[in-house]
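Nothing fancy with the numbering, it's 1 onward along the sequence.
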Amino acid sequence: MKLMKSLPLVAALTALPTVALAQDAPGFDEIGPYIMTTLLFLVGGFLVFWMAAGFAMLEAGLVRGKNVAMQLIKNMALFSIAGIMYWLVGFNLMYPGDFNGYLAFNFVPTVLEPVGLSATDAALDYASVASDFFFQLMFVAATASIVSGALAERIKLWPFLIFVVVLTGIMYPISGSWQWGGGFLSEMGFSDFAGSTVVHSVGGWAALAGAIILGPRIGKYKDGRVNPMPGSNLALATLGTFILWLGWFGFNGGSQLAAGTVGDITDVGRIFANTNMAASAGAVTALILTQIMYKKPDLTMVLNGALAGLVSITAEPLAPSLFGALWIGAVGGVIVVFAVPMLDKFKIDDVVGAIPVHLIAGIWGTIAVVFYNSDASIVTQLTGIVAYGVFTFVASLILWVVLKGTMGIRVSEEAEINGLDVSELGMEAYPEFSKG
């Protein structure tokens, strides 16, 4: 009975190739890869979009209650600004095809395919421009989110957003083109599969420059001691971490950049498994280390340990075995536990631990590529790390100094003590808990 019901469907499906091949139309062997790769970009893109919620919740949980609304509006604004700037100039600046393209600063907005595009009119050699633009946009927004968390609780809103305009519209696209736009690092053989350096270290370098120019929060370092400033809601921070973990499957899996063959889609599954393993190893490593070092496990370190594991595997999530992903992610967990207090010794105040997670673990992940990718060399990997570090740190430092000298980047002492929610926004995330 079931067979009889399926016969009309079988007949209809059998007729499809005949229709597709009529009048010299492209066959399924051409259309299939185009459709599947486009779908990969769209699915991966909305998973990476979900990371915006992860960053927002992580930051909202790790800042004090008087600054939560400010972090939320920053995350909403930076994502939206990234969307506009990447359309206006960033996408075509990042993928010029040659060095002179972006050197000349040809600001050309992104143009999508026409409505109702037919297979005969489509360029079937890759994926749709719309899906590629959408996917790549999510990465630049993630870069800006990294900066937001590190500089929390004392930076003015509008100078920060001006920095985001430049970062997402010019700085990130230029440096991104060196690797993913076929630039000089790509030609040298530098390898960064999904962005341990191109995305995460860039965000980390920009955050480090900002933290140095901005200075620490009032009372953070006093009388030679580091004074802890606990976050307002560790439940939100934990939720944010799990959301980021989920989004990372799109971040790394989508970076396969192809899904039209058995090999490609199988590799996407392998990337998912390795990504998950690295995060797990980073979290467990931080859990064990904090128990040993502090006699009690530290939840915030465990959260950042998972994120550092994710950043560490992002440069090469395909080639390693599951054991390889485990030890690479575990080193990321070690980095977080030791790098957070190291920054405090230098009086660099990073509210959410973004610099250890994204910058230092990003550097580690980029170096770790050489252990499993036979085409990568340590010299080339280090060259890429230095190139991105020098460009992003120096450019960010200059921009932060200019913003500080022209409009000021730090709120007043009174505003910082009272909280940025009230002083900058005139509202509170938790008004029922405020004094009075």
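The shortest distance between side-chain heavy atoms of Leu403 and Met407 falls below 4.5 Å. Using a 4.5 Å heavy-atom cutoff, the side chains of Tyr430 and Asp421 are not in contact. A heavy-atom distance below 4.5 Å is not found between the side chains of Ser191 and Asp375. Contact check for Phe135 versus Leu40: no side-chain heavy atoms found under the 4.5 Å cut-off. Residues Tyr34 and Ser128 have side chains in contact (heavy-atom distance under 4.5 Å, counting atoms from C-beta outward). Side chains of Asn233 and Leu62 form no contact here, defined as non-hydrogen atoms less than 4.5 Å apart. The closest side-chain heavy-atom distance from Ile170 to Met85 is not below 4.5 Å. The closest side-chain heavy-atom distance from Phe251 to Leu310 is not below 4.5 Å.
Among the candidates Trp178, Tyr172, Trp205, the single residue satisfying the ring-ring contact (aromatic ring centres under 6.0 Å, His included) test with Tyr388 is Trp178. Of the candidates Leu72, Thr241, Leu244, Leu72 is the only one forming a side chain to side chain contact (heavy atoms under 4.5 Å, CB included) with Met57.
The aromatic rings of His358 and His200 lie parallel to each other, their planes meeting at an angle below 30°, with 60° marking the opposite boundary.
Here Tyr294 pairs with nothing under the ring-ring contact (aromatic ring centres under 6.0 Å, His included) rule; sequence neighbours left out.
A donor and an acceptor atom, one from each side chain of Trp248 and Asn276, are nowhere located under 3.5 Å apart.
Closest approach of Pro159 to Ile409, counting heavy atoms only: CB-CG2, 3.9 Å. Taking every heavy atom of both residues into account, Leu93 and Ser177 meet most closely at O-CB, 4.1 Å. Met171 and Ser396 make their closest contact through CE-OG, 3.1 Å (heavy atoms, listed as atom of the first residue, atom of the second, distance). Taking each heavy atom of Lys74 and Ala152 in turn, the nearest pair found is NZ-CA, 4.1 Å. Smallest separation of non-hydrogen atoms from Glu424 and Leu157: OE1-N, 3.1 Å. The two atoms that bring Asp344 and Tyr221 nearest to each other are OD1-OH, 2.7 Å, heavy atoms only.
A donor-acceptor pair under 3.5 Å is absent between the side-chain atoms of Trp400 and the main chain of Ala211, judged by distance alone. Counting only distance, with no hydrogens or angles, the side chain of Ser232 and the backbone of Val63 share a donor-acceptor pair below 3.5 Å. Looking only at distances, a side-chain donor or acceptor of Asn304 sits under 3.5 Å from a matching main-chain atom of Val352. Formation of a donor-acceptor pair under 3.5 Å by the Lys66 side chain with backbone atoms of Ile417 is found in this model. A donor-acceptor contact shorter than 3.5 Å is absent between the side chain of Ser201 and the backbone of Gly204. A side-chain donor-acceptor contact under 3.5 Å links Ser196 to the backbone of Val311.
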Item to complete: Test Phe134 against Phe49 for ring-ring contact (aromatic ring centres under 6.0 Å, His included), laying out the working first.
Response: CA-CA 9 Å; Phe134 177 74; Phe49 165 78; 7.8 Å; no
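Within a 6.0 Å sphere centred on CE of Met342, other residues, nucleotides and ligands contribute more than 12 heavy atoms.
Taking CG from Leu137 and CZ from Phe133, the interatomic distance works out to 5.0 Å, rounded to the nearest 0.5 Å.
Residue pairs that meet the salt bridge (Lys or Arg N to Asp or Glu O under 4.0 Å) test with at least one member in residues 129-154, sequence neighbours left out, are Arg64-Glu153, Glu153-Arg217. Identified under the salt bridge (Lys or Arg N to Asp or Glu O under 4.0 Å) test for residues 408-417, with sequence neighbours left out: Arg410-Glu416.
Taking the ring centroids of Tyr86 and Phe139, they lie at or beyond the 6.0 Å cut-off.
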